[in-house]
Undergrad: 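The structure is given below, and queries will be raised subsequently.
By convention in this document, chain letters (A, B, ...) are assigned in the order of the sequence lines, proteins followed by strands, and residues within each chain are numbered from 1.
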There are 2 protein chains.
Amino acid sequence: MPATDANEHEIPTPPWRKKRPTAPARQPLSQDLIVETAIRVLDAEGLDAVSMRRVAQELNTGPASLYAHVSNKEELLDLMLDQIVAEVELVEPDPERWQEQVKEVMRSAQRVYAAHRDIARASLGTVPTGPNALRIAENQLAIMRVGGVPKRVAALAVDTLGLYLEANSVEDSMYLSKLKDGESPHEYFEQYIGQIRKYFASLPVERFPNIVGMVDYLTDDGGDERFEFGLDIIVRGIASFAESAAGSDSAPGGGSSTGD
Amino acid sequence: MPATDANEHEIPTPPWRKKRPTAPARQPLSQDLIVETAIRVLDAEGLDAVSMRRVAQELNTGPASLYAHVSNKEELLDLMLDQIVAEVELVEPDPERWQEQVKEVMRSAQRVYAAHRDIARASLGTVPTGPNALRIAENQLAIMRVGGVPKRVAALAVDTLGLYLEANSVEDSMYLSKLKDGESPHEYFEQYIGQIRKYFASLPVERFPNIVGMVDYLTDDGGDERFEFGLDIIVRGIASFAESAAGSDSAPGGGSSTGD
DNA sequence: ACCTGAACACCGTTCAAGT
DNA sequence: ACCTGAACACCGTTCAAGT
């Protein structure tokens, strides 16, 4: 018996020493531990699986125990969100590249959301005021300001960018959350898009000439492309308010003197 | 007794005639009736109040009865959404005013969403394929096409516009759904904004120079203004792809020949 | 101060049984 | 075909009681 052989020279535990807690019985509850556990459930099974009861179960306790560290589910979601948003990578503002930089931060945020299932659903409709969300807002403001975007425009643009990011991420996550366990994301997507394409093509041409005539364009977008396009549109729009046209092939606007 | 007096000359119901169904006992269930009832609950108490059980109760029946007319809650929400979206007013495409027209349809949709509490939450993440949603998409495509927007751009822009509308409406409805019964929306908003303003102002200036320096701009947006701004940004962005610069003070872009 | 079991007032959906 | 009662497997949150 090799097992016995390997343990042959081990000193037996003295009987008066209480059973050593090898598996550290249970970590004491804390806000951090709860948030961390909730994120693990999110990543493994999606936002719908994140219930107070489920998180408690994962910590070998009852749901009531969580309320000592988190005032309610909404707060738990806020904390999860800010923890996740900490993964977003920021950039050092460069006046020459401000438009591309706004996009880079947005792309990073998009990837972070995508890496955490449908967490974006919890983000929509909340003004993110956690420290890590503020870090991102501060960075976007800094980038736009060095790019010559007026204060008022930059302030409103942060909001627009956030809304777009969240809406897009929610939509992306929906495709993924809807597929059954066995299905591959790709085949599901193909099949789903195929369905829509057929439906659009079957519509009465008199009433929907544009939809029918543009089926291919309407059902063409492969996720990333769609996000990039909206992003480009929004950044072009912002750039049209910038004072110095430092962008690439962007569209400089009136350049009024109402900015800072 | 005036009551007796008034009924004095009434002919008594013959005992063999079964109790007449004065209050028409109950309308027979139907998909339309269920959707209509659900929208009534939504308008009165918000989306969270719209449960299968609650709608059934409103119709004096049990939740199981609904499943003969609606396959599940998701389908009910889809049906509600398309019914509501029928209220959006469309426009006759005019090449001279296409940018303003895209905005007009968006504003109409925004008002319709706002009139139905937090229904926007149900709209996010679903590709709206109901007949009434398609009517709107068709109209937006038509408007952009006569405005000289290339097919591919128009197709992607419909998506971007939809995402922005939905995200914005969800955010708007959040403020409203959060206020307690007695509270006036205005005073709640004032107090809420005041809180955020104070919090932003209290942040460490070294780490958040832009947020602190732009508190007033960041907490200034009074709902409509915010929506209008994002809308303007997006339409400017779309316009930068248009072939003929028919807009007002917009920013015409490169005008490549890749469009239709 | 922190944790707990039990309870309250809800959910969406299914299913066998009725008409 | 349509409707129903009862059940299943869940929710978030509260509260009195324990340590």
Side-chain angles (χ1 to χ4, degrees), chain A residues 18 21 24-39 41-42 44-81 117-119 121-122 125-126 174 177-178 180-181, chain B residues 18 21 24-39 41-42 44-81 117-119 121-122 125-126 174 177-178 180-181:
Chain A
K18 301 189 172 168
R26 203 166 79 227
Q27 278 182 268
L29 281 183
S30 72
Q31 193 175 80
D32 281 352
L33 180 61
I34 291 170
V35 171
E36 187 190 300
T37 306
I39 291 177
V41 174
L42 164 75
E45 298 171 48
L47 193 63
D48 281 340
V50 180
S51 67
M52 299 300 273
R53 296 177 113 96
R54 181 72 162 71
V55 174
Q57 192 195 87
E58 213 74 17
L59 292 163
N60 297 311
T61 182
S65 303
L66 307 183
Y67 287 84
H69 303 92
V70 140
S71 59
N72 50 37
K73 192 182 177 181
E74 200 189 314
E75 185 176 295
L76 175 56
L77 290 174
D78 282 351
L79 292 167
M80 289 169 69
L81 193 64
R117 300 283 203 118
D118 43 355
I119 186 64
R121 263 171 47 204
T126 70
M174 284 302 184
S177 71
K178 252 175 206 157
K180 325 283 179 211
D181 254 1
Chain B
K18 300 191 173 164
R26 204 166 78 226
Q27 277 181 268
L29 281 183
S30 73
Q31 194 176 79
D32 282 352
L33 180 61
I34 290 170
V35 171
E36 188 190 300
T37 306
I39 291 178
V41 173
L42 164 74
E45 298 172 48
L47 194 62
D48 281 339
V50 180
S51 67
M52 298 301 272
R53 296 178 114 95
R54 181 72 162 70
V55 172
Q57 192 195 85
E58 213 73 16
L59 292 163
N60 297 309
T61 183
S65 304
L66 307 183
Y67 286 84
H69 303 93
V70 141
S71 61
N72 50 35
K73 191 182 178 181
E74 201 188 315
E75 185 176 293
L76 175 55
L77 290 175
D78 282 351
L79 292 167
M80 289 169 68
L81 194 63
R117 299 282 204 116
D118 43 355
I119 186 64
R121 263 172 46 205
T126 70
M174 283 303 184
S177 70
K178 252 174 206 156
K180 323 285 179 210
D181 254 1

Undergrad: Closer than 4.0 Å, any side-chain N/O of A:His69 to the OP1 or OP2 of C:dA1?
TA: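 It does not, given that no N or O in the side chain of A:His69 lies less than 4.0 Å from OP1 or OP2 of C:dA1.
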Undergrad: Which of these, A:Val70, A:Leu66, A:Leu81, sits in a side-chain contact (heavy atoms from CB on, under 4.5 Å) with A:Leu76?
TA: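 Considering A:Val70, A:Leu66, A:Leu81, a side-chain contact (heavy atoms from CB on, under 4.5 Å) with A:Leu76 is found only for A:Val70.
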Undergrad: Enter the distance from A:Thr37:OG1 to A:Met80:CE here, rounded to the nearest 0.5 Å.
TA: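 Interatomic distance, A:Thr37 OG1 to A:Met80 CE, rounded to 0.5 Å: 10.0 Å.
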Undergrad: Would one find a side-chain N or O of B:Ser65 under 4.0 angstrom from OP1 or OP2 of D:dC2?
TA: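 No, because none of the side-chain N or O atoms of B:Ser65 sits under 4.0 Å from OP1 or OP2 of D:dC2.
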Undergrad: For nucleotides 8-19 of chain C, give me one character per nucleotide, 5' to 3': B if any protein heavy atom sits under 4.0 Å from the base, S if the only such contacts are to the sugar-phosphate, - if neither.
TA: ---BBBBB----
Undergrad: Show your reasoning for whether side chain to side chain contact (heavy atoms under 4.5 Å, CB included) applies to B:Thr126 and B:Glu74.
TA: CA-CA 10 Å; B:Thr126 70; B:Glu74 201 188 315; 5.9 Å; no
Undergrad: Could you state the CD-C1' distance from A:Gln31 to C:dC2, rounded to the nearest angstrom?
TA: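 After rounding, the gap between these two atoms is 15 Å.
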Undergrad: What integer distance in Å separates A:Leu59:CG from C:dT4:P?
TA: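 For the pair A:Leu59 CG and C:dT4 P, the rounded distance is 10 Å.
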Undergrad: Side-chain contact test, heavy atoms from C-beta onward, threshold under 4.5 Å: evaluate it for B:Ile119 versus B:Ile39 and give yes or no.
TA: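 In short, these two side chains do not touch, never coming nearer than 4.5 Å.
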Undergrad: Could you tell me how far apart B:Leu66 (CG) and D:dG5 (C1') are, to the nearest whole angstrom?
TA: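 For the pair B:Leu66 CG and D:dG5 C1', the rounded distance is 14 Å.
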Undergrad: Do the side chain of A:Gln31 and the main chain of A:His69 share a donor and acceptor less than 3.5 angstrom apart?
TA: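 Yes.
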Undergrad: Using the P atom on both, measure D:dA9 against C:dA9 and round to a whole Å.
TA: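 Taking atom P in both D:dA9 and C:dA9, they lie 23 Å apart.
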Undergrad: Can you confirm whether B:Asp118 sits close enough to B:Met174 that some side-chain heavy atom of one is under 4.5 Å from a side-chain heavy atom of the other?
TA: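 When only atoms from C-beta onward are counted, B:Met174 and B:Asp118 do not touch, as no gap falls below 4.5 Å.
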Undergrad: So what does the secondary structure string of DNA chain C come out as, 5' to 3', with Watson-Crick or wobble pairs under 3.5 angstrom, [ ] for crossing and | for pairs with another strand?
TA: ||.|||||...|||||.||
Undergrad: Any side-chain heavy-atom pair from A:Arg54 and A:Val50 closer than 4.5 angstrom?
TA: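 They are not in contact (no side-chain heavy atoms under 4.5 Å apart), so the answer is no.
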Undergrad: Is there side-chain contact between B:Arg121 and B:Leu77, with at least one heavy-atom pair below 4.5 Å?
TA: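 Side-chain contact under 4.5 Å: no.
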